[in-house]
Amino acid sequence: FLRCALHTRRDHPDLFACADYYPLRAKGGSSDNVVAFARAAGRQAAIVLVPRLTRSLVPDPATVPAGPDVWGDTVVLLPNHLQGREWIDALSRASVREHRPGQLRVGDAARILPGALLVSR
């Protein structure tokens, strides 16, 4: 996964060197269990989703805190300038779309892995 993240950094240097930073707010039943932020430079954008305090999500430490069953109704709210985009997770290569305008379901973004590095198309 580190290799995928480093390739993304190589392929989108402006996002990691001089892009604007936007903290993202989550809402829903597990909103306290996710930290999210975006970086944007021109038409390029990336969103990082990281789980936290996962024991309350999956009490069994052998269970990966990923997927819609774990995250339920939890969404990340997107500012206007990041809405209406298609996102690709650089770690899993999965495509992620907005659930509703301005909302990304955490369970869709973290469908396979506990976190995500989404890059806009």
Q: Return the set of residues passing side chain to side chain contact (heavy atoms under 4.5 Å, CB included) with Pro68 (not counting sequence neighbours), or none when no residue passes.
A: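 Pro68: side chain to side chain contact (heavy atoms under 4.5 Å, CB included) contacts with Asp108.
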Q: Is there a donor-acceptor contact under 3.5 Å from the side chain of Ser120 to the main chain of Ala45?
A: yes
Q: Between CZ of Arg100 and CZ of Arg105, what distance do you get to the nearest 0.5 Å?
A: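 It is 7.5 Å, given to the nearest 0.5 Å.
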Q: Is it possible for you to say whether Tyr21 and Leu49 belong to one hydrophobic cluster, with membership spreading through side-chain heavy-atom contacts below 4.5 Å?
A: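 Per the 4.5 Å side-chain linkage, Tyr21 and Leu49 are not co-clustered.
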Q: Trp71, Leu113: one ILVMFWY side-chain cluster at the under-4.5 Å cut-off?
A: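 No, separate clusters.
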Q: Can you measure from CG (Leu57) to CZ (Arg52) and round to the nearest 0.5 angstrom?
A: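 Reported to 0.5 Å precision, the distance equals 10.5 Å.
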Q: Determine whether Leu104 and Leu118 make a side-chain contact, defined as any pair of heavy atoms from C-beta on separated by less than 4.5 Å.
A: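 Heavy-atom side-chain distance check passes, below 4.5 Å.
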Q: If we ignore hydrogens and angles and just use 3.5 Å, is the side chain of Thr74 paired with the main-chain N or O of Ser30 as donor and acceptor?
A: yes
Q: With rounding to the nearest 0.5 Å, note down the distance linking CZ in Arg9 to CG in Asp11.
A: 12.0 Å
Q: Which residue pairs pass the salt bridge (Lys or Arg N to Asp or Glu O under 4.0 Å) test when at least one of the two sits in residues 70-94, sequence neighbours left out?
A: Glu86-Arg97, Glu86-Arg121
Q: About how many Å separate CG of Leu15 and OG1 of Thr8, when rounded to the nearest 0.5 Å?
A: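 That separation rounds to 9.5 Å.
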Q: Hydrophobic clustering (ILVMFWY, side-chain heavy atoms < 4.5 Å, transitive) - are Val50 and Val34 grouped together?
A: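 No; tracing contacts between hydrophobic side chains, which count when under 4.5 Å, never links both residues.
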Q: With a 4.5 Å cut-off on side-chain heavy atoms, are Val76 and Val106 touching?
A: yes
Q: Is Ile88 close to Ser95 at the side-chain level, that is, under 4.5 Å between some pair of heavy atoms?
A: yes
Q: Would you call Leu78 and Tyr22 a side-chain contact if the rule is heavy atoms closer than 4.5 Å?
A: no
Q: Quick test of your reading: applying salt bridge (Lys or Arg N to Asp or Glu O under 4.0 Å), list the pairs with at least one residue in residues 55-72, sequence neighbours left out, ordered by first then second residue.
A: none
Q: Which heavy atom of Ala94 sits nearest to which heavy atom of Arg111, and what is that distance?
A: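 Closest approach of Ala94 to Arg111, heavy atoms only: CB-NH1, 3.8 Å.
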Q: Within the structure provided, determine whether Gln103 and Leu77 are in side-chain contact (heavy-atom separation under 4.5 Å).
A: yes
Q: Quick check on the hydrophobic clustering: are Val70 and Leu91 connected, directly or via other members, by side-chain heavy-atom contacts under 4.5 Å?
A: no
Q: Please report the closest heavy-atom contact between Ala90 and Cys4, naming both atoms and the distance.
A: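 Heavy-atom minimum between the residues: O-CB, 3.4 Å.
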Q: Considering non-hydrogen atoms only, spot the tightest contact between Ala19 and Ala41 and give its length.
A: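 That closest heavy-atom pairing would be CB-CB, 3.9 Å.
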Q: Is the side chain of Ser56 donor-acceptor paired with the backbone N or O of Leu53 at a distance under 3.5 Å, no angle test?
A: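 Yes; judged by distance alone, with no hydrogens or angles, the pair exists.
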Q: For residues Leu117 and Ile112: do they belong to one hydrophobic cluster (side chain heavy atoms under 4.5 Å, members Ile, Leu, Val, Met, Phe, Trp, Tyr)?
A: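 Shared cluster, yes.
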Q: Working to the nearest 0.5 angstrom, can you tell me the gap between Gln44 CD and Phe16 CZ?
A: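 If we round to the nearest 0.5 Å, Gln44:CD and Phe16:CZ are 9.5 Å apart.
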Q: Does Arg10 have more than 12 heavy atoms from other residues, nucleotides or ligands lying within 6.0 Å of its CZ?
A: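 Yes, because the 6.0 Å sphere around CZ of Arg10 holds more than 12 heavy atoms from other groups.
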